[in-house]
Amino acid sequence: MPELPEVETITRELNRRIRGRRIEKVHVFRADALGNRSPEAFADDLYRREIHRVSRRGKFLIFHLRPRRYLVCHLRMTGKFIVTAPLRGPHPHHRLWFALDDGSLLVFQDVRCLGTLEVVARLSASASLERLGIEPLSKDFCPEWLTEALGRSRTPLKNWLMDQRRIAGLGNIYASEILFAAGISPTRPADSIDEEGASRLHGMTKRILRMAIRKNGTTISDFRRVDEKTGEFQNFLQVYGKTGEPCPRCKTPIVRIRQQQRSTFYCPRCQL
DNA sequence: AGCGGAACCTGTCGGC
DNA sequence: TGCCGACAGGTTCCGC
């Protein structure tokens with residue numbers, strides 16, 4: 001489900017809704033997300049800590065707690081955080097409840113149970129965070145960095161963009177959309193992109209991510225905001241999921257191919 | 001280094 | 001109606 005813009009949307013909304021709240025109780029209905037951790041140990045780690053703020057790194061959501069702990073979450077395909085008034089009982093896909101000190105409920109729900117929640121004392125103790133590459137909306141992500149990094153790999157560009165060890169936060173939707181906007185084929189080897197192409201790719205990456213954040217992310221089926229509203233960027237997609245539809249630029253039918261067991265959508269005429 | 005394939009899960013949809 | 005395969009905003013591990 002969520003890529004950088006969706007996680008950023010959730011981060012901002014959680015900051016608005018639950019910053020400063022204290023966790024009074026943790027209910028675990030299904031513990032898949034906790035890995036090997038027992039629900040009791042997990043709950044003990046969080047008990048009575050304050051949610052000081054929420055941040056994002058790549059596609060990870062990070063709750064900064066006081067006294068100091070970090071709850072590091074990955075929503076994978078179908079994970080969601082919803083803030084609601086107290087409920088009588090869990091809905092079928094509710095996996096955890098965090099009861100907060102103002103009476104509201106922070107719900108973690110996840111249809112496919114692929115999401116992960118981890119508590120650490122220092123962020124550097126999280127192996128998954130340590131693996132992540134550059135933040136595409138940071139100043140460090142510049143055309144020079146991109147040109148240099150692309151030159152060191154022969155991987156097909158779409159795969160390259162989705163590798164979280166290189167750039168953190170791009171997934172299947174935005175990789176396709178960025179490549180379309182930049183007019184570059186998803187199958188081109190990374191090191192075949194010249195400086196001008198890298199510069200376009202850099203510009204479109206920033207532009208599309210920013211626009212998607214402004215539209216509160218993309219809802220195809222599952223993604224929901226903290227208040228259960230959908231995002232709006234699905235109305236602005238140019239190629240993702242548009243197999244057979246005319247390319248918005250040249251009217252050539254959009255094509256779907258498989259790369260790394262994922263669908264890639266592109267225009268075979270505009271993207272070279 | 002990097003690919004394909006499978007695994008982790010559940011749900012939905014289309015075809016027969 | 002019901003069964004089966006394909007597919008889904010993700011990541012990781014294994015073998016080659």
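A, B, ... follow the sequence lines: proteins, then strands. Residue 1 opens every chain.
OP1 or OP2 of B/dG2 has at least one side-chain nitrogen or oxygen of A/Arg166 nearer than 4.0 Å. The shortest distance between the side-chain N/O atoms of A/His74 and the OP1/OP2 oxygens of C/dG10 is not below 4.0 Å. OP1 or OP2 of B/dA1 has not a single side-chain nitrogen or oxygen of A/Thr155 nearer than 4.0 Å. Proximity of A/His93 to the phosphate of B/dG11: a side-chain N or O atom is located under 4.0 Å from OP1 or OP2. A close approach under 4.0 Å does occur between a side-chain nitrogen or oxygen of A/Ser153 and OP1 or OP2 of B/dG2. Between C/dA8 and A/Thr78, no contact under 4.0 Å exists linking OP1 or OP2 to a side-chain N or O.
What separates CZ of A/Arg112 from P of B/dC9 is a distance of 11 Å, to the nearest Å. Atom CZ of A/Arg30 and atom C1' of B/dC8 are 11 Å apart (whole Å). Distance A/Arg131 CZ to C/dC13 P: 6 Å, rounded to the nearest Å. Atom pair A/Gln260:CD and C/dG10:C1' shows a separation of 12 Å (rounding to whole Å applied). Atom-to-atom, CZ of A/Arg224 to C1' of C/dA8 comes out at 14 Å; the value is rounded to the nearest Å. The distance between atom CZ of A/Arg165 and atom P of C/dC13, rounded to the nearest whole Å, is 11 Å. The CG-C1' distance, from A/Leu75 to B/dT10, rounds to 16 Å in whole Å. Rounded to an integer number of Å, the gap from CE of A/Met162 to C1' of B/dC3 is 14 Å.
Scanning atom types as modelled, one donor and one acceptor separated by under 3.5 angstrom connect the side chain of A/Gln261 and the base of B/dG5. Between the side chain of A/Arg262 and the base of C/dA8 there is no donor-acceptor pair of N/O atoms closer than 3.5 Å.
Of the candidates C/dC7, B/dC9, C/dG10, B/dC9 carries the atom nearest the A/Asp32 side chain, counting heavy atoms from C-beta on. Listed nucleotides B/dC3, C/dG10, C/dT12 differ in distance to A/Glu3; the shortest reach to its side chain belongs to C/dG10. Checking C/dA8, C/dT11, B/dG11 against every side-chain atom of A/Met77, the shortest atom distance belongs to C/dA8. The side chain of A/Arg256 has C/dC7 as its nearest neighbour among B/dT10, B/dG2, C/dC7.
A ring pair (Phe, Tyr, Trp, His ring centres under 6.0 Å) with A/Phe81 holds for exactly one of A/Phe223, A/Trp97, A/Phe108; it is A/Phe108.
Between the C1' atoms of C/dG2 and B/dC9, the separation comes to 23 Å (whole Å). Comparing C/dG5 with B/dA6, their P atoms sit 14 Å apart, to the nearest whole Å. Here, B/dC8 and C/dC3 have their C1' atoms 24 Å apart, quoted to the whole Å.
Salt-bridge formation is detected for the pair A/Glu135/A/Arg56: a Lys NZ or Arg NE/NH1/NH2 atom is positioned less than 4.0 Å from an Asp or Glu carboxylate oxygen. The pair A/Glu24-A/Arg48 meets the salt-bridge criterion, since a charged nitrogen lies less than 4.0 angstrom from a carboxylate oxygen.
The partner of B/dC9 is absent, by the rule that a Watson-Crick or G-U pair needs both atom distances under 3.5 Å.
At the heavy-atom level, A/Pro5 lies nowhere under 4.0 Å from the strands shown. Nucleic acid contact for A/Arg258: sugar-phosphate only, since backbone atoms but no base atoms lie under 4.0 Å from a heavy atom of the residue. Residue-level contact check: A/Ser221 touches the bases, meaning some heavy atom is under 4.0 Å from a base atom.
The aromatic rings of A/Phe60 and A/His74 stand perpendicular to each other, their planes meeting at an angle above 60°, with 30° marking the opposite boundary.
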Derivation of the salt bridge (charged side-chain N to carboxylate O under 4.0 Å, His left out) call for A/Arg225 and A/Glu13: CA-CA 8 Å; A/Arg225 298 166 61 182; A/Glu13 296 182 342; 2.6 Å; yes
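Counting non-hydrogen atoms of other residues, nucleotides and ligands closer than 6.0 Å to NZ of A/Lys251 gives a total above 12.
Taken together through direct or relayed side-chain contacts under 4.5 Å among Ile, Leu, Val, Met, Phe, Trp and Tyr, A/Val120 and A/Leu65 form parts of separate hydrophobic clusters.
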